[in-house]
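What follows is a short report on a single structure.
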Amino acid sequence: MLRFTKRADYGLMAIQYIAMHDGLGAVSAKRIAEESAIPQELLAKILQRLAKQGLIVSQNGPKGGYVLTRRPSEISVGEVIRALEGPINIVSCLEDSSDCPQMERCNLRRAVRKIQAAITQLLDTMSLAELTSDDVP
């Protein structure tokens with residue numbers, strides 16, 4: 001089963017919320033937290049990471065908040081996940097530093113690499129605009 005960390009989950013929820021309000025002005029962190037039921041402290045750290053990676057920008061002032069730096073169709077889900085988590089890895093046994101006891105006898109590493117490449121390609125080609133649309137492929 002493929003699962004995202006809470007940070008990736010919440011980050012995708014937050015940036016999707018910002019994307020859904022693209023063009024309507026900045027969205028406050030408080031509003032995102034309340035409407036998405038995300039703890040405010042964790043959300044603040046997530047938004048900082050997304051801003052540091054150049055996916056969103058914060059605007060100060062009474063109507064301040066966060067906006068995307070590009071159109072939703074130009075930001076991929078893969079970019080968001082990498083901004084929050086680093087490289088996309090499905091299983092840790094593909095890493096050279098893995099201490100898996102089955103490493104020498106494992107016959108699935110090549111298959112898992114193919115699966116990881118396919119999932120990475122999917123995440124890199126799926127845009128935030130696709131996340132915000134009602135269409136399900």
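Atom set for the values below is all heavy atoms of this structure, side chains included, hydrogens, waters and symmetry mates excluded.
Pairing each heavy atom of P87 with each of R82, the nearest pair is CA-CG, 4.5 Å. Between L50 and G11, the shortest heavy-atom distance links the atoms CD1-O, 4.2 Å. Of all non-hydrogen atoms in V77 and S127, the two that sit nearest each other are CG2-O, 4.3 Å.
Partners of E74 under the side chain to side chain contact (heavy atoms under 4.5 Å, CB included) rule, at least two apart in sequence or in another chain, are R70, R71. For L122, the side chain to side chain contact (heavy atoms under 4.5 Å, CB included) partners are M126, not counting sequence neighbours. Partners of D9 by salt bridge (charged side-chain N to carboxylate O under 4.0 Å, His left out), not counting sequence neighbours: none found. Scored by the side chain to side chain contact (heavy atoms under 4.5 Å, CB included) test, A14 finds I32, L43, L47 as partners (sequence neighbours excluded). For R7, the salt bridge (charged side-chain N to carboxylate O under 4.0 Å, His left out) partners are E85, not counting sequence neighbours. Remark: Q40 engages K30, A33 in a side chain to side chain contact (heavy atoms under 4.5 Å, CB included) (not counting sequence neighbours). Residues forming a side chain to side chain donor-acceptor pair (under 3.5 Å) with S58 (at least two apart in sequence, or on another chain): none.
Counting side-chain heavy-atom gaps under 4.5 Å among Ile, Leu, Val, Met, Phe, Trp and Tyr, the cluster of V57 also holds V67.
Using a 4.5 Å cut-off on side-chain heavy atoms (C-beta onward), L68 and L128 make contact.
Distance alone, capped at 3.5 Å, is enough to place a donor-acceptor pair between the T69 side chain and the G54 backbone. Looking only at distances, no side-chain donor or acceptor of Q16 sits under 3.5 Å from a matching main-chain atom of M13.
Note that OG1 of T120 and CZ of R113 are 12.5 Å apart. Values are rounded to the nearest 0.5 Å. The distance from atom CD1 of I119 to atom CD of Q116, rounded to the nearest 0.5 Å, is 8.0 Å. I56 contributes atom CD1, which lies 6.0 Å from atom OH of Y66 (distance to the nearest 0.5 angstrom). Once rounded to the nearest 0.5 Å, the distance linking OG of S73 with CD of E130 reads 9.5 Å.
Linking ILVMFWY side-chain heavy atoms closer than 4.5 Å, directly or via other members, places L84 and L123 in a single hydrophobic cluster. Both V27 and L42 sit in one connected hydrophobic cluster of ILVMFWY residues. Membership requires side-chain heavy atoms under 4.5 Å apart, directly or through other members. Hydrophobic clustering places L12 together with Y10 (ILVMFWY residues linked when any side-chain heavy atoms are closer than 4.5 Å, directly or through intermediates). Cluster membership check: I15 shares its hydrophobic cluster with L131, using side-chain heavy-atom separations under 4.5 Å among Ile, Leu, Val, Met, Phe, Trp and Tyr.
Counting only residues at least two apart or on different chains, the ring pair (Phe, Tyr, Trp, His ring centres under 6.0 Å) pairs with a member in residues 19-61 are Y17-H21. For residues 40-55, no residue pair satisfies the salt bridge (charged side-chain N to carboxylate O under 4.0 Å, His left out) rule, not counting sequence neighbours.
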